[in-house]
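For reference, the structure is listed below as structure tokens.
These figures come from a predicted structure and were not determined experimentally. When reading the values below, keep in mind they use all heavy atoms of this one structure, side chains included, and skip hydrogens, waters and symmetry mates.
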Amino acid sequence: MFRQIEWLFFDIGSTLVDESRANEHRLLDAIAGTDFSYEQAWAQAVRLARQNIAHPLKRLGLPLTPWHSEDEAVYPQAADCLAALHRRYRIGIIANQSPGTAGRMEQYGLSQYLDLIVASAEEGLEKPDPRIFEIALKRAGCSPDQAVMIGDRLDNDIAPAKRLGLKTIWVRQGFGGMGCPLSEMETPDHSVNGLGDLLELLG
């Protein structure tokens, strides 16, 4: 299945970077001054995530409080995984991110394995808009059938990539990884539980 693949495109949040502490921080901020306990709010957020609801705080009537990027941490396996895959594939990023993605990738020690970064803040487009995937493909100089999209979100990563003809791998981490495919377009070609499994699949 991967013989003709030349490019691997990764999402960042809950794919290469662990956002669990940042999500916990945001939830604590959101319930401040409310009747929600942390345990109640977390249980409800998980329930909604399993129903493919992308913004559970809004559904709970809670404010979407500021994101604490200082709580993010690169997954321990990320650098080794990318280093191994980069020996065989070219690697790009397609991600919804605040400005400065390239700098953060360098801080995380991942930039040396990346051949291309296409991020929403710099492009003025956000996934699932297909144009951000088309920009990445054009800059990479590859056709959709030569590329794989790897991410945690069925709605933002898997479905739009499949519509364009990319192969897809769902990394079941974070809130996005709790979902369930509800259509053919949301059904990934493969799913893995983490970067170690991804390396075994692609390596």
Side-chain angles (χ1 to χ4, degrees), residues 1-3 5 7-27 39 41-57 67 69 71-97 101 104-105 108-110 113-114 127-128 133 136 147-164 166-203:
M1 179 176 192
F2 300 110
R3 288 180 183 175
I5 298 301
W7 278 83
L8 306 178
F9 291 105
F10 282 81
D11 178 44
I12 293 177
S14 295
T15 302
L16 296 174
V17 172
D18 186 351
E19 297 180 326
S20 56
R21 289 186 64 186
N23 278 314
E24 292 169 5
H25 198 157
R26 171 173 272 181
L27 187 58
E39 291 73 20
W42 184 262
Q44 290 297 316
V46 168
R47 178 182 64 82
L48 292 170
R50 288 175 176 161
Q51 297 174 21
N52 295 354
I53 294 172
H55 300 290
L57 290 180
W67 184 255
S69 58
D71 292 332
E72 296 177 346
V74 65
Y75 283 110
Q77 312 97 319
D80 288 344
C81 179
L82 292 183
L85 292 174
H86 199 240
R87 299 187 190 108
R88 179 175 177 184
Y89 307 96
R90 302 195 74 184
I91 296 179
I93 295 291
I94 306 175
N96 291 349
Q97 289 281 305
T101 301
R104 288 191 295 277
M105 293 300 97
Y108 290 144
L110 304 181
Y113 311 119
L114 302 177
K127 296 183 298 184
F133 294 88
V148 179
M149 181 64 204
I150 301 162
D152 68 303
R153 291 274 296 271
L154 295 171
D155 55 347
N156 274 3
D157 300 314
I158 303 305
K162 283 197 74 172
R163 287 190 182 98
L164 289 174
L166 285 78
K167 299 299 184 185
T168 56
I169 300 175
W170 183 27
V171 183
R172 303 191 66 177
Q173 299 178 145
F175 276 116
M178 297 178 187
C180 178
L182 298 178
S183 68
E184 182 180 350
M185 283 298 102
E186 287 189 347
T187 302
D189 295 301
H190 293 277
S191 62
V192 296
N193 292 322
L195 295 175
D197 294 340
L198 178 66
L199 185 57
E200 183 175 343
L201 176 65
L202 290 168

Can you find a heavy atom in the side chain of [X] that is under 4.5 Å from one in the side chain of [Y]?
X	Y	result
Y75	Q173	yes
F10	L114	no
D11	V171	no

Could you tell me whether a side-chain N or O of [X] sits under 3.5 Å from a main-chain N or O of [Y], the two making a donor and an acceptor?
X	Y	value
Y89	L202	yes
T168	M149	no
N52	C180	yes

Quick one: closest heavy-atom pair of [X] and [Y], and the distance?
X	Y	value
V192	I169	CG2-CG2, 4.1 Å
W170	P181	CZ3-CD, 4.1 Å
L199	A84	CD1-CB, 3.6 Å
L198	C81	CD2-SG, 4.2 Å
A49	F175	CB-CD2, 3.6 Å

**Request:** May I have the step-by-step check of side-chain contact (heavy atoms from CB on, under 4.5 Å) for I12 and M105, ending in yes or no?
**Result:** CA-CA 9 Å; I12 293 177; M105 293 300 97; 3.8 Å; yes

Once rounded to the nearest 0.5 Å, what's the spacing between atom [atom1] of [X] and atom [atom2] of [Y]?
X	Y	atom1	atom2	answer
I94	F9	CD1	CZ	5.0 Å
L195	L201	CG	CG	12.0 Å
E72	L16	CD	CG	11.5 Å
D189	F2	CG	CZ	7.5 Å
I53	Q44	CD1	CD	10.5 Å
L8	K167	CG	NZ	14.0 Å

**Item:** Full working for side-chain hydrogen bond (donor to acceptor under 3.5 Å, both in side chains) between E19 and W67
**Value:** CA-CA 10 Å; E19 297 180 326; W67 184 255; 4.8 Å; no

**Item:** Ring geometry between H86 and Y113 (parallel below 30°, tilted from 30 to 60°, perpendicular above 60°)
**Value:** perpendicular

Using atom types as modelled, flag every donor-acceptor pair under 3.5 Å from a side chain in residues 155-162 to any protein atom, sequence neighbours excluded.
unit_1	atom_1	unit_2	atom_2	d
D155	OD1	R153	NE	2.7
D155	OD1	R153	NH2	3.4
D155	OD2	R153	NH2	2.9
D157	OD1	K127	NZ	2.5
D157	OD2	D152	N	3.3
D157	OD2	R153	N	3.0
K162	NZ	E184	O	3.2
K162	NZ	T187	O	2.7

**Prompt:** Do other residues, nucleotides or ligands put more than 12 heavy atoms under 6.0 Å from R47 CZ?
**Reply:** yes

